[in-house]
Amino acid sequence: MAKRGVEEVVVVALEEKGGAMAVVVEEKEQKEQKENEKEEEEAHPYAFHVSGPRNVAKPNWRDLINSSWKDTNYKRSVIACFIQAVYLLELDRQENRTVETALAPKWWMTFKYKLTQTLIDERDGSIFGAVLEWDQSAALADFVLIRPSGAPKAVLVLRGTLLKGPTIRRDIEDDLRFLAWESLKGSVRFKGALEALRTVAERYGSSNVCIAGHSLGAGFALQVGKALAKEGIYVDAHLFNPPSISIAMSLRNIGEKAGFAWKRLKSMLPSSSEPQADCDEEIKDNSLKSWLGNIYGDKASMGLKQWVPHLYVNNSDYICCHYTDPEGKTEENEANKENTGPTNGQVAAKLFVMSKGKQKFLEAHGLEQWWSDDLDLQLAINKSKLISRQLKSLYSLPASQVTKRPR
């Protein structure tokens with residue numbers, strides 16, 4: 001009996017030891033899994049240190065003397081990084097990444113910004129935009145006592161199309177909306193972005209706020225910024241690879257060419273004296289308007305502060321390349337000159353063109369090019385026909401329709 005009792009004790013002891021060993025093994029496996037996840041995150045192609053900008057400095061005390069945000073290249077690169085963060089916010093959500101393994105935060109925390117709001121598409125729960133604000137507490141850790149001059153207090157950033165299962169349906173739906181109508185106002189994303197931008201503009205002042213987007217997001221950013229400009233709220237806008245192709249635009253171009261050809265044909269036909277008299281009266285009326293405009297100025301232009309969005313396009317990107325088409329000086333354009341854009345030598349938008357020769361579409365349409373070190377960017381000097389058309393309603397508004405708001 002005594003011998004049997006000793007054997008039972010030994011068995012129990014071995015079982016307890018085995019259980020302890022199992023716990024140790026399990027803990028070791030969990031630790032290795034976390035280390036593997038960390039290594040995978042560090043090696044991920046979208047990790048900030050892997051694909052982010054190489055020569056864009058973090059904010060430091062030197063910005064108090066000479067702000068990096070006053071450098072247009074720095075500003076463009078950082079804002080492009082903010083847009084990349086929105087893409088990654090949605091990918092992090094789809095892949096169920098934790099706070100420790102999320103890829104998105106590095107893309108704004110590096111520049112001392114923080115996430116204050118995510119814009120959710122109520123149709124599928126996807127993240128299509130975000131509001132990033134200056135993080136003063138994080139900046140103080142690097143002895144940046146105040147926000148550098150030129151750095152926005154808040155940035156509303158909007159992503160483009162993600163060809164992933166959970167969000168592709170709604171993204172393509174809005175792509176087709178723009179393709180058919182050249183307008184995104186019917187989308188729930190337009191309403192959400194407009195409300196978010198108006199809120200931060202009223203909180204911080206429009207001069208301290210920026211809106212930016214890429215591809216489809218750039219289309220939303222342009223139309224949302226334009227909608228607020230009509231209300232007298234003018235925010236800085238940066239649009240990367242904005243869409244420039246639509247069926248509505250193509251049909252409009254065909255109609256304009258047909259109308260212009262018909263006018264040319266009519267001018268070649270003999271006309272009666274009565275229509276000629278009407279034409280003379282119209283010429284006199286236009287001359288009088290021009291003379292009065294030179295004396296008193298354009299009231300519509302005086303009522304509207306200039307809103308000049310920044311557009312970044314690549315000639316090899318067939319989605320946005322039509323922005324580089326010059327307006328051209330035709331008889332019809334001259335007749336409607338006062339309705340196609342701002343006057344007195346002002347520009348409707350700043351158009352920056354990337355030209356590296358022939359490139360593959362994915363490279364030419366990609367966001368990463370806008371923070372690359374070998375960027376060859378030129379400010380286009382020609383007047384873009386498409387920009388003038390898209391902003392036409394903004395600059396042809398009567399002064400009485402402009403709502404001035406405190407900024």
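Quantities reported herein were computed from a predicted structural model and do not represent experimental measurements.
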Item to check | Intermediate values then yes/no, side chain to side chain donor-acceptor pair (under 3.5 Å), Asp373 and Asn55 | outcome: CA-CA 7 Å; Asp373 296 333; Asn55 298 317; 3.2 Å; yes

Item to check | Among Val131, Val200, Leu132, the one residue meeting side-chain contact (heavy atoms from CB on, under 4.5 Å) with Thr116 | outcome: Val131

Reported [atom1]-to-[atom2] distance for the pair [X] and [Y], which is rounded to 0.5 angstrom:
X      : Y      : atom1 : atom2 : answer
Thr161 : Ile168 : OG1   : CD1   : 8.5 Å
Cys81  : Leu367 : SG    : CG    : 8.0 Å
Ile319 : Ser244 : CD1   : OG    : 8.5 Å
Phe111 : Asp135 : CZ    : CG    : 14.0 Å
Asp174 : Leu176 : CG    : CG    : 9.0 Å
Thr324 : Leu311 : OG1   : CG    : 11.5 Å

Looking at side-chain heavy atoms only, is the closest gap between [X] and [Y] below 4.5 Å?
X      : Y      : answer
Arg170 : Arg189 : yes
Ile83  : Leu158 : no
Tyr87  : Leu162 : yes
Arg203 : Glu133 : yes
Phe352 : Gln378 : no
Gln369 : Phe240 : no
Arg76  : His238 : no
Val353 : Leu377 : no

Checklist entry - Do Val144 and Trp61 pass the side-chain contact (heavy atoms from CB on, under 4.5 Å) test, and can you show the C-alpha distance, the side-chain angles, and the key distance before you say yes or no? => result CA-CA 5 Å; Val144 183; Trp61 62 269; 5.7 Å; no

Would you confirm whether [X], through its side chain, and [Y], through its main-chain N or O, come within 3.5 Å as a donor-acceptor pair?
X      : Y      : result
Thr101 : Thr98  : yes
Gln359 : Ala364 : no
Gln84  : Phe48  : no

Checklist entry - Taking the six-membered ring for Trp, is the centroid-to-centroid distance between Phe82 and Trp107 below 6.0 Å? => result no

Next on the checklist: Under 6.0 Å between ring centres: does that hold for Trp108 and Trp134?
Outcome noted: no

Short side-chain donor-acceptor distance under 3.5 Å, [Y] and [X]:
X      : Y      : value
Tyr318 : His365 : no
Asn208 : Ser206 : no
Asn241 : Trp370 : yes
Asp121 : Ser126 : no
Gln306 : Tyr234 : no
Thr167 : Arg123 : no

Checklist entry - Around Phe143, counting heavy atoms of other residues, nucleotides and ligands shown, do more than 12 lie under 6.0 Å from its CZ? => result no

Checklist entry - When you look at CG of Asn66, are more than 12 heavy atoms from neighbouring residues, nucleotides or ligands closer to it than 6.0 Å? => result no

Item to check | Evaluation steps, side-chain contact (heavy atoms from CB on, under 4.5 Å), between Trp371 and Arg54 | outcome: CA-CA 9 Å; Trp371 64 71; Arg54 293 287 179 269; over 6 Å; no

Carboxylate-amine/guanidinium contact [X] [Y], below 4.0 Å:
X      : Y      : value
Glu195 : Arg198 : no
Lys164 : Asp171 : no
Asp124 : Arg169 : no

Measure across [X] and [Y] and return the closest heavy-atom pair with its distance rounded to 0.1 Å.
X      : Y      : result
Ser67  : Pro148 : OG-CB, 3.4 Å
Thr110 : Pro59  : O-CD, 3.6 Å
Pro105 : Asp92  : CD-OD2, 4.5 Å
Pro242 : Leu239 : CD-O, 3.9 Å
Lys226 : Trp307 : N-CH2, 3.5 Å
Leu89  : Ala130 : CD1-CB, 4.0 Å

Checklist entry - Can you check salt bridge (Lys or Arg N to Asp or Glu O under 4.0 Å) on Arg147 and Asp63, steps first, answer last? => result CA-CA 9 Å; Arg147 179 172 52 91; Asp63 284 302; over 6 Å; no

Checklist entry - Stepwise, does the side-chain contact (heavy atoms from CB on, under 4.5 Å) test hold for Val209 with Asp236? => result CA-CA 7 Å; Val209 173; Asp236 193 20; over 6 Å; no

Next on the checklist: Between Leu228 and Leu194, is the side-chain contact (heavy atoms from CB on, under 4.5 Å) condition met? List the steps.
Outcome noted: CA-CA 8 Å; Leu228 282 192; Leu194 183 62; 3.7 Å; yes

